[in-house]
Amino acid sequence: MIAHVHVDAPVITIDRPFDYEVPEQFETLIEPGMRVSVPFGSRRLLGIVVGTSDGTREGLKPLEALLDEESSLTEELLDLSIHVKETTLCFRSSALLAMLPAALKVSYDKEIKEGLVPDGVRLGTHLSEYPKDVQSVILGLAKKGELTLAPVLKEKKTVKTDVLVELLDATVVSKRAKKQLEAIRQLEETPRMYWSTLRQIGLTRPQLQKLEDIGAVRLTEVELNRDPYATIEQVKETVQLNDSQARAVQQIHEADAGETLLVHGVTGSGKTEVYLESIGQVIDEGKQAILLVPEISLTPMMVKRFKRRFGDRVAVLHSALSKGEKYDEWRKIKRREVDVVVGARSAIFAPLDRLGLIILDEEHETTYKQEENPRYHARDVAIWRARYHGCPVVLGSATPSLESYARAQKGVYRYLHLKERYGGEMPPVHIIDMRRELAKGNTTMFSEELFNGILDRIEKKEQCVILLNRRGFTTFVMCRDCGEGMTCPHCAVNLTYHQHGDRLKCHYCGYEVGMPSTCPSCSSKKIKQFGSGTQKIETELLNRIPEARIIRMDQDTTSRKGSHEQLLRRFEEGEADILLGTQMIAKGLDFPNVTLVGVLAADATLGMPDFRATERTFQLVTQVAGRAGRGKLPGEAFVQTYNPDHYVIETASEHDYESFFAKEMGLRQVGNHPPYWFLTLVTFSAENSLVAKSEAELFASDFLQAQVENSRLNGPMPAPLSKLKNAYRYQVFIKTKQPEALYVELARLQQARAKAISKKEYQMSIDVNPYVFM
DNA sequence: AGCACGCCGACT
DNA sequence: GTCGGCGTGCTC
């Protein structure tokens, strides 16, 4: 028997199946989708079986081990990996591995097998157990043949277990064994207990073993699930749907196989109820559902509601869970113990086999696009899976992406509008012209109006949310005398100042230095931070309103696991007057006591080299404005800007999606941007700037020569981030009306460059439907 | 990507 | 005379 295996090596020349002989003892066990360990050259690698065939062939190596008892990837997901490879131009192995939880990936090490070892090194141990200098000594000895190393593959997964203790016979215990007797007494009250509970009375493991040896108890090792939401109680809540919600549920229910529906509903229109109800119906029919949410900030409340409604039949997969927790959730799905999967982007690969509905909440969010290989978009994967299962996809948003809304208008997607809003009208939005504030002599981050509004709320014991539109708005350091900025030595970017540790960091490569006290180029002492981070704003607020209780949410305060939820809970419970933060506080929050929302630097995003900048600004302002006045109290929003007349600020503050859409579509058409054209970005990077440039030029001319129909090419041009991690970067943009033909041509050009790239002279990265243009 | 094999410069 | 530099080629 032969197994066709894709190995864990992201290289284009290895991007094909390799054949292995299946040892007899595995023949009845092996299945496509299983993880295996295979010899590969002198190495040993993780592989995924994509198929098997009968017979045998000369020169095949045998596969070494099966790493799964049953396959980790279903037939469907194996198929899907081909689609992901072809449409994102990634390697098949990258697509396959992206579908697995991190715990099922492996690390590679070397076992010290035999020979003469230095002091302190023992045979049978692993290379990585030793410090770097010892490692190089060992490697040197191996090279001379004085000891042998064998490649090993280490699993990352761990399954948490506990020991179930069952009482068999209480009489056999010696009267003098006090601890054992005490354990028996406990067991007489509760005949089945876990060892983790029993040990709390001071019983040791040997004592427990003794109890088993004499036949007093039976011990069974059992797998335990880490359930991060174990404390949420299931309550059957009955939801009363309004007319438009009921209509939406009805239409989703009646949707055709593989159909996509766009649910457009303003903040507070009750999309969540529609999701809950629709999923409920799907489950009643014996099928399963996936609900994708953009990121963790949305999940606490959403998850709570889903757990309440569907109880244990919900699996949750998001980035804030530990590797082990995610793996446990994944195994629950695999064991068919759940009907609903709620999760972020990668949850779209959940191994469900009876899918009846896929929902993407906040479908316009760019977090659905993965920014590393495989560069897939969860929306596209969702549509593929829905076709496979013959079920509908629901895209939900208060501010749909132009792509989706345009498709809905063309009739490609079915359009559903939720117009009614709970809690009455949208709050009034005040646009504040910061140029006038400046003219008045107000150089702070807060306009008079917004500041007075905050004071007023604190007095009334109501809450405020302040959002800093931080993208392109970081704190950088510059010398006031010579004008020299502190930049990263490896990347063409300014370093960002971090108050924590008084250091400067590069957000692209991780380079870090202490904040200098004098300018490195002119030695002046007038070196200073510019721009406003959340920390600085917090300080400013506290200086002016000392009694204000502020919760700050940004990368620094939310990096610890669970801190995000904790901060939100504290705010919800009224422990603070002001929630201050970046983008992450804009969405999904629903606090009834919030009556004021302020947006600082609403237009900070507009200057970015990105045709979606206006769309993002619209989404941000609309969403954050919708956060005020969700309860009984009326709300108000303040939007501070230097561009008060810009159409995006005007339409967003009037909550006028239609006008924004019409205006923006006109500009997209004129600029030949998506959704009129399908865009692909190809980036060339090399240590030598001339190599990057000439390879980009060569690619451009090769592409033009191929004459892909209905396509055009722009560039090459230097990337906005012209140097990254010591590599110079050039970009080529391709626009097409026929993506399928483009995929084929790009794959051909990629293949043709395989050899040159393997010599490491330059790198080529292809981003189909890019969202980041740096 | 790793890793081995192989062919030329600076050391004991 | 050997150690080791990294160019080249291969991985079932």
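Chain naming here is simple, since letters A, B, ... match the order of the sequence lines and numbering starts at 1 in each.
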Atom [atom1] of [X] to atom [atom2] of [N]: distance rounded to whole Å?
| X | N | atom1 | atom2 | answer |
| --- | --- | --- | --- | --- |
| A:Asp15 | B:dG2 | CG | P | 16 Å |
| A:Leu139 | B:dG2 | CG | C1' | 13 Å |
| A:Asp19 | C:dT11 | CG | C1' | 13 Å |
| A:Asp8 | B:dG2 | CG | P | 9 Å |
| A:Phe18 | C:dC10 | CZ | P | 12 Å |
| A:Leu97 | B:dA1 | CG | C1' | 14 Å |
| A:Ile12 | B:dG2 | CD1 | P | 17 Å |
| A:Leu63 | C:dC12 | CG | P | 12 Å |

Detail all sub-3.5 Å separations between protein N/O atoms and N/O atoms belonging to nucleotides 3-10 of chain B.
from, atom 1, to, atom 2, distance (Å)
B:dC3, OP1, A:Lys110, NZ, 3.2
B:dC3, O3', A:Ser42, OG, 3.0

> Are A:Val772 and A:Thr366 side-chain neighbours, meaning at least one heavy-atom pair lies under 4.5 Å?
Replying inline: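 A side-chain contact under 4.5 Å is absent here.
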So CZ of A:Arg35 and CG of A:Leu96: to nearest 0.5 Å the spacing works out to 12.5 Å
I need the A:Leu742 CG to A:Thr736 OG1 distance, nearest 0.5 Å.
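Nearest 0.5 Å value for the CG-OG1 distance: 5.5 Å.
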When all nucleic acid strands are considered with a 4.0 Å heavy-atom cut-off, which category describes [X]: base, sugar-phosphate, or nothing?
| X | answer |
| --- | --- |
| A:Pro39 | sugar-phosphate |
| A:Arg44 | nothing |
| A:Phe40 | base |

| query | So, A:Glu697 side chain and A:Pro716 main chain: donor-acceptor pair closer than 3.5 Å or not? | reply | no
Under 3.5 Å, is there a donor-acceptor pair between the side chain of A:Asp109 and the main chain of A:Ser128?
->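 Answer holds: yes.
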Check: Using a distance-only test with no angle check, is there a side-chain donor-acceptor pair under 3.5 angstrom linking A:Arg375 and A:Thr88?
Finding: no
Original post:
Can you tell me if CD on A:Glu155 sees more than 12 non-hydrogen neighbours from other groups inside 6.0 Å?
Top reply: yes
